[in-house]
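Shown next, in structure tokens, is the structure this report addresses.
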Amino acid sequence: MPQAPLATTPAATPSAEGFRMPGEFAPHSGCWMAWPERPDNWREGAAPARRAFAAVAAAIHASEPVTVTVSSAEGRASAQALLPAGIRILDIPSDDCWMRDIGPTFLTGPGGEVRAVDWRFNAWGGAANGLYAPWDRDDAMAAHVAEVEGVQRYRAPFVLEGGAIHVDGEGTVFTTAECLLSAGRNPQMTKAEIEQGLKDWLGATAVVWLPRGVHLDETDGHVDNLLHVCAPGTVALTWTDDRGDPQYQRSAEALDLLSTCVDARGRRLRVIRLPMPGPLNMSAQEAAGIAAGDTGMVRSAGERLAGSYANFYIANTRVVFPLLDERHDGEAAALLAELFPGREIVGVPGREILLGGGNIHCITQQVPA
């Protein structure tokens, strides 16, 4: 495992130094993931989840280099057994495996230099409504990743997770008020202060505040489970036509806002509606395989899962998306093919990842080229 991070922390904000977060669709030099190990979140000792993570890693590795972190000797052994040759495995401990949220957000700046933002992490809510404790190893992950990448690191002064933001690379940030204004993150900051923080630390000039995320998303409504920025001016939005479904009003609110706002370049947005899988629920068998814990997480039979096809990953030559519902998988793939004509659309079974609280976008973090 790397020792204490050596990367220096620049004194000014990224925006002041000319750095910004590029869109996920921009070229990558690689992708980071972490290996599932928590028995109180991943059923059957994480064995099914590990097979799912390995399938995601393999699908991405066909398009760009992949690094996977492991927290134990047992985790390393299983990763070596399941991951394809050529995927780098590093011993960097974490409390769970949501690399989108615990890893750094990478920025690019003058001359193509890459730097990293290390957000403060408190397990999606800290003492107010965090999902587990402790979370110190998760909070340290971004610094370790930045050191391995050999880039300078900014330590942000407020709590944020990578799944709480999407950007278009041209100055626009998308987020949800449900998440960033939640009581467990930054209660000392006003909405205006948080918006300025997003601009300062992501190099943005406009913030699109969507009201809420996906129904029962335990991250308090991460935007990456609701929509995905596919290109400047184009977003894919989770959608259901069922007016009796609790998600309908949430998606309708988002559509109303997206249809009337403009981005940082003054463009009206093109919104593509992605079908919502399910509704999907945790089975009794799935719930029975999860070990009881005293860290705060609760998983129970019958609970509705926050499934979404918007939770995909844009790799250099592929889009890797979760297969969640045979009734809608094909339609989702066809829409993604229209949105990404230059990329191969690859579906990977995503239910085991969903059982843990997220999906493919949540477990990945890109490094821009």
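The analysis underlying the following values was restricted to heavy atoms, covering all of them including side chains, and did not include hydrogens, waters or symmetry mates.
Linking Ile, Leu, Val, Met, Phe, Trp and Tyr whenever their side-chain heavy atoms come within less than 4.5 Å puts V151 and M141 in one cluster. A continuous path of Ile, Leu, Val, Met, Phe, Trp and Tyr side chains, each step under 4.5 Å between heavy atoms, connects F121 with M33, placing both in one hydrophobic cluster. Both F25 and L274 are members of a single hydrophobic cluster when ILVMFWY side chains are connected at heavy-atom separations under 4.5 Å. Side-chain heavy atoms closer than 4.5 Å link hydrophobic residues (I, L, V, M, F, W, Y) into clusters, and following such links, possibly through other members, connects I102 to Y313. When the side chains of ILVMFWY residues are joined at heavy-atom separations under 4.5 Å, either directly or via intervening members, W42 and L280 end up in two distinct hydrophobic clusters.
Within the model, atoms OG of S308 and NE2 of H222 stand 13.5 Å from one another, a figure rounded to the nearest 0.5 Å. In this structure, Q366 CD and M21 CE are separated by 5.5 Å, a value rounded to the nearest 0.5 Å. Atom CG of residue L237 and atom SG of residue C230 lie 10.5 Å apart, to the nearest 0.5 angstrom. To the nearest 0.5 Å, the span separating OG1 on T175 from CG on L210 amounts to 8.0 Å. Interatomic distance, CD of E147 versus CD1 of I92, reported as 8.5 Å (0.5 Å rounding). How far CG of L226 is from CD of E253: 10.0 Å, rounded to the nearest 0.5 Å.
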Evaluate the ring-ring contact (aromatic ring centres under 6.0 Å, His included) criterion for residues H361 and H166: first the C-alpha distance (whole Å), next the side-chain angles of each, then the deciding distance (0.1 Å), finally the verdict.
CA-CA 11 Å; H361 196 256; H166 258 309; 5.0 Å; yes
E161 and C179: CA distance, side-chain angles, deciding distance, side-chain contact (heavy atoms from CB on, under 4.5 Å) verdict:
CA-CA 10 Å; E161 307 92 35; C179 177; 4.1 Å; yes
Verdict with reasoning, F158 to W119, per ring-ring contact (aromatic ring centres under 6.0 Å, His included)
CA-CA 7 Å; F158 56 98; W119 310 105; 5.6 Å; yes
side-chain contact (heavy atoms from CB on, under 4.5 Å) between Y309 and D325, intermediate numbers included
CA-CA 10 Å; Y309 289 115; D325 185 343; 3.6 Å; yes
If you apply the rule ring-ring contact (aromatic ring centres under 6.0 Å, His included), what do you find for H228 with F312, and how did you get there?
CA-CA 8 Å; H228 209 121; F312 59 82; 3.9 Å; yes
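When all heavy atoms of V148 and L90 are compared, the pair lying nearest together is CG1-CD1, 3.9 Å. Heavy-atom minimum distance, D118 versus R155: OD1-NH1, 2.9 Å. Residue C362 comes nearest to G358 through the heavy atom pair SG-CA, 3.8 Å, listed as atom of the first residue, atom of the second, then distance. In terms of heavy-atom proximity, P104 sits nearest to A116 at CB-CB, 3.7 Å. Taking all atoms of both residues into account, the shortest heavy-atom contact from I60 to C31 is CG2-CB, 4.0 Å. Heavy atoms only, all atoms of each residue included: R270 and I272 are closest at NE-CD1, 3.6 Å.
For the pair L107 and E17, the minimum side-chain heavy-atom distance is 4.5 Å or more. In this structure the side chain of P275 reaches within 4.5 angstrom of the side chain of L335, judged on heavy atoms. Proximity of E24 to V229: side-chain heavy atoms (C-beta onward) are nowhere separated by under 4.5 Å. Using a 4.5 Å heavy-atom threshold, the side chains of E352 and R50 count as separate. Proximity of W32 to R88: side-chain heavy atoms (C-beta onward) are separated by under 4.5 Å at one or more points. The shortest distance between side-chain heavy atoms of Y154 and T13 does not fall below 4.5 Å. Counting heavy atoms from C-beta outward, L82 and F53 have side chains that stay 4.5 Å or more apart. Side-chain contact between E178 and R250 is present, with at least one heavy-atom pair separated by less than 4.5 Å.
Side-chain atoms of D329 come within 3.5 Å of backbone N or O of L324 as a donor-acceptor pair. D168 places a side-chain N or O within donor-acceptor distance of the main-chain N or O of G171, the cut-off being under 3.5 Å. T176 places a side-chain N or O within donor-acceptor distance of the main-chain N or O of G221, the cut-off being under 3.5 Å. S259 places no side-chain N or O within donor-acceptor distance of the main-chain N or O of D256, the cut-off being under 3.5 Å. Using modelled atom types, no side-chain atom of R304 and backbone atom of N281 make a donor-acceptor pair closer than 3.5 Å. Without hydrogens or angle criteria, R120 side chain to A156 main chain gives a donor-acceptor distance under 3.5 Å. At distances below 3.5 Å, at least one donor-acceptor pair connects side-chain atoms of E193 with backbone N or O atoms of T190. Remark: side-chain polar atoms of N122 are paired, donor with acceptor, to backbone N or O of G184 under 3.5 angstrom. R318 places a side-chain N or O within donor-acceptor distance of the main-chain N or O of A59, the cut-off being under 3.5 Å. Side-chain atoms of T105 never come within 3.5 Å of backbone atoms of G162 as a donor-acceptor pair (strictly under, hydrogens ignored).
The neighbour count for Q285 CD, taken as heavy atoms of other residues, nucleotides or ligands under 6.0 Å away, does not exceed 12.
Remark: R51 does not engage E44 in a salt bridge, criterion side-chain N to carboxylate O under 4.0 Å. In this structure, D263 does not pair ionically with R265, as no charged nitrogen and carboxylate oxygen lie closer than 4.0 Å. Checked for salt-bridge contact, D220 and R185 meet the test: a charged N lies under 4.0 Å from a carboxylate O. Ion pairing between R212 and D217 fails under the 4.0 Å rule for side-chain N and carboxylate O. Using a 4.0 Å cut-off between charged side-chain N and carboxylate O, E195 and K199 make a salt bridge.
Inspection of the E37 and S72 side chains reveals an N or O donor paired with an N or O acceptor under 3.5 Å. With hydrogens and angles left out, the side-chain atoms of H28 and E64 include a donor and acceptor closer than 3.5 Å. Of the N and O atoms on the side chains of S251 and T238, not one donor lies less than 3.5 Å from an acceptor on the other residue.
When each of V235, L227, T234 is checked for a side-chain contact (heavy atoms from CB on, under 4.5 Å) with V271, only V235 meets the rule. Looking at D95, D96, D101 one by one, the single match for side chain to side chain donor-acceptor pair (under 3.5 Å) with W98 turns out to be D96.
Ring centers of Y248 and W239: under 6.0 Å apart, within the cut-off. For F19 and W201, the ring centers are positioned 6.0 Å apart or more.
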